[in-house]
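Data first, discussion second: the structure below is written as structure tokens.
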There are 2 protein chains.
Amino acid sequence: MVRAGKDGAAPGESVAMTSPEPVEGMAGDQRLRGLVGYSLKRAYYRFQSDAARVLEGFGLRISTYSALVVICDNTDLRQSQLAQILSVERSNTVVVVDALEQAGLIARHRVPKDRRSYALRPTRAGRQLCDRASAALDQHEDRILTDIDPAERAELLRLLQRMEAAAVSREDP
Amino acid sequence: MVRAGKDGAAPGESVAMTSPEPVEGMAGDQRLRGLVGYSLKRAYYRFQSDAARVLEGFGLRISTYSALVVICDNTDLRQSQLAQILSVERSNTVVVVDALEQAGLIARHRVPKDRRSYALRPTRAGRQLCDRASAALDQHEDRILTDIDPAERAELLRLLQRMEAAAVSREDP
DNA sequence: TATTGTTATACTCTATAACTATA
DNA sequence: TATAGTTATAGAGTATAACAATA
């Protein structure tokens, strides 16, 4: 029972990434499906593991890719600004910036006016890789969302951002 | 946790949970905002940290709560079925089921016909807590999604599930 | 005193492999 | 041999505290 076509998990794909084939005669996760948070989580994990696989081909992770994009788009960014934009802790940006620097994709430049901080700048290789990875990621999203038309996709983006903003506004007790 | 007096961050909330106030004159994360995956991630983290806070009041985490719901809704579930339904590895269900059992919310019953597996059953306390936590979580989602009307919310759920399914179907390269 | 970057640490979630006991 | 549950472990992401250099 339970196992329809997929035997123990196809060689190369994990069980956890298998689609939730409903167990016959069981409710399964139907009750949880009513929660936006649950479907959000499932969609997110699926989506990000695919995105991670795409970026792996460029030697990037999701964290390093998104930092690289922000550094490319904001001239002479400080690390604490990077942290704020991406909503990660300052301390956690260090390893990401280290990785980008060691890969020769960005450089830390000293700021004369404030010698505590660095100005982050992409190298030419960094800009090039950023553009190539971005194109691949766009293509990837187009493929994944192929049966969701542009209007729906725009609506989806809009709803996700409203949800995030709504949750933010509920921060205070 | 959450702690009111940490040093760097604004008193009350961590930097990471701070809203992404656009740094003036900068592009910020605008380019990333075009990616569904990025907004999906941001919405997800915001959402789940809120949900985790709600469940904390019941002594539950997201993982234990969702397992409890599935166990309540599927009679005499096996652990591997639980894993399949929730799309987690079998090995990772063990600690979750342990936690639920130790909290007196479920019990492992031996199955005479197959002594390798357990039949998971909720206790009365487990069912009660499940219902109370579910109600609280529903309320929480209603609050968060207060400015998203029911039609939009249904559309959101539908799109999220289509996205997940779409990503699934792209598993085989 | 406050801020920037940093280090160290811990906790969670996820993934993999290998073991045991049953089948 | 195959499966159910288990153990151990490793990797990422995230969060907190404390420190040095600088403001």
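Letters go in sequence order (proteins before strands), and every chain restarts at 1. Values below: all heavy atoms of this structure, side chains included; hydrogens, waters and symmetry mates excluded.
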Any pair with a residue in residues 76-85 of chain B that passes salt bridge (charged side-chain N to carboxylate O under 4.0 Å, His left out), sequence neighbours left out, goes on the list, sorted by first then second residue, please. Asp76(B)-Arg121(B)
Separation of dC13(C) atom P from Leu86(B) atom CG, nearest Å, is 13 Å
To the nearest 0.5 Å, how far apart are CG in Leu60(A) and CG in Leu100(A)? 7.0 Å
Glu89(A) atom CD is separated from dT12(C) atom P, nearest whole Å, by 17 Å
Take atom CD of Gln139(B) as the centre, draw a 6.0 Å sphere, and report whether it contains more than 12 heavy atoms from other residues, nucleotides or ligands. no
Hydrophobic cluster identity match, Leu157(B) and Leu160(A), side-chain contacts under 4.5 Å: yes
For Arg53(B), is there an ion pair with Glu56(B) - N to carboxylate O distance below 4.0 angstrom? no
Who passes side-chain hydrogen bond (donor to acceptor under 3.5 Å, both in side chains) against Arg110(A), sequence neighbours left out? Tyr118(A)
Between Arg90(B) (CZ) and dC19(C) (P), how many Å, whole number? 15 Å
Tell me if a side-chain donor or acceptor on Thr93(A) pairs with a main-chain N or O of Ala83(A) at a distance below 3.5 Å. no
Reckon Ser80(A) touches a base, only the sugar-phosphate, or nothing at all at heavy-atom distances under 4.0 Å? sugar-phosphate
Starting at the 5' end of DNA chain D and moving along, which residue's nearest nucleotide shows up first, Val95(A) or Leu77(B)? Leu77(B)
Kindly express the pairing pattern of DNA chain D in dot-bracket notation, using | wherever a base pairs with another strand and counting only Watson-Crick or G-U pairs under 3.5 Å. |||||||||||||||||||||||
Could you grab the distance from atom NZ of Lys41(B) to atom CD1 of Ile62(A), nearest 0.5 Å is fine? 6.0 Å
Who pairs with Arg31(A) by salt bridge (charged side-chain N to carboxylate O under 4.0 Å, His left out), at least two apart in sequence or on another chain? Asp73(B), Asp131(B)
Looking at Val36(B), is its backbone amide N or carbonyl O close enough to the side chain of Ser39(B) to form a donor-acceptor pair, meaning the two atoms are under 3.5 Å apart? no
Where along residues 109-118 of chain B does a heavy atom fall under 4.0 Å from DNA chain C? Asp114(B), Arg115(B), Arg116(B)
Under 4.0 Å between a side-chain N or O of Thr93(A) and OP1 or OP2 of dG5(C)? no
Between N or O atoms, less than 3.5 Å apart, protein on one side and nucleotides 9-13 of chain D on the other: list the pairs.
unit_1, atom_1, unit_2, atom_2, d
dA12(D), OP1, Arg61(A), NH2, 3.2
dG13(D), O3', Tyr45(B), OH, 3.4

Would the distance check show the side chain of Glu141(B) and the main-chain N or O of Gly37(A) forming a donor-acceptor pair, the cut-off being under 3.5 Å? yes
Looking only at side-chain atoms of Gln79(B), point me to the closest of dA4(D), dT6(C), dT6(D). dT6(D)
